[in-house]
Amino acid sequence: FHVRPRDLDPNFRGWSKRVVMTAHRYFLFPRDHEAAKDMETELNLYEFFTRNRMAGLPRLIARVKDPAISRYEFGVIRPMRGIELCDLLPGITPRRLAGVLVQLARLVASWHMVPFGRLRGILPHARRRAERITIHTWGVQALVPGRAAAAARFIHRLVRLRDLRRRRD
């Protein structure tokens, strides 16, 4: 990738990855060995989105393993253009928010046309049925046939604990 240093815009706000942006590409780097596992899943999904030409999603340009750049595999994607929702929310009117949510609902509905069986093989965590459900794995475990109910119970317990703590404080 031929990129000039002055064209790079780093974004290190994320919990699990660092992103170095250019006008046409985002370079996604995992923060540590734990995040590298999630990065594998994320890159698998970007690869799936790209291969299936799914609308409204970033496209994978490359998966890169280069120890001179990063200890872990990283990804290069073609980002979507637009406004980040977190930037839009502070001053949004209820009417505009409703419009954004309708657009989002239509987009998400279009993704549901993909049969689950095609997704199952690309989610490494989903292949480990017996994996303990944690705050980090519940989302993927919810996609595993036979594990969705357990993942939902886990989240329900977390929400109840949060509510109990709020009442106590």
Inset, instruction - Please identify each residue that fulfils side-chain contact (heavy atoms from CB on, under 4.5 Å) with S70, with sequence neighbours left out. - result: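 In terms of side-chain contact (heavy atoms from CB on, under 4.5 Å), with neighbours along the sequence ignored, S70 is linked to F29, Y72, F74.
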Inset, instruction - Under the side-chain contact (heavy atoms from CB on, under 4.5 Å) rule, what do L60 and L43 come out as? Steps first, then yes or no, please. - result: CA-CA 8 Å; L60 182 70; L43 295 179; 4.1 Å; yes
Please find the pair of heavy atoms, one from [X] and one from [Y], that lie closest to each other, and give the distance.
X	Y	result
P58	I77	CB-CD1, 3.8 Å
L28	E42	CD1-OE2, 3.8 Å
T22	F27	CG2-CE1, 4.0 Å
T50	R59	OG1-CA, 3.3 Å

I'd like to check [X] versus [Y] (side-chain heavy atoms, cut-off strictly below 4.5 Å). Are they in contact?
X	Y	result
I61	R25	yes
R63	N44	yes
R31	F12	yes
V76	V64	yes

Hey, what do you get for [atom1] ([X]) to [atom2] ([Y]), rounding to the nearest 0.5 Å?
X	Y	atom1	atom2	answer
R18	D32	CZ	CG	8.0 Å
S16	E34	OG	CD	11.5 Å
E73	M39	CD	CE	9.0 Å
F48	L57	CZ	CG	10.5 Å

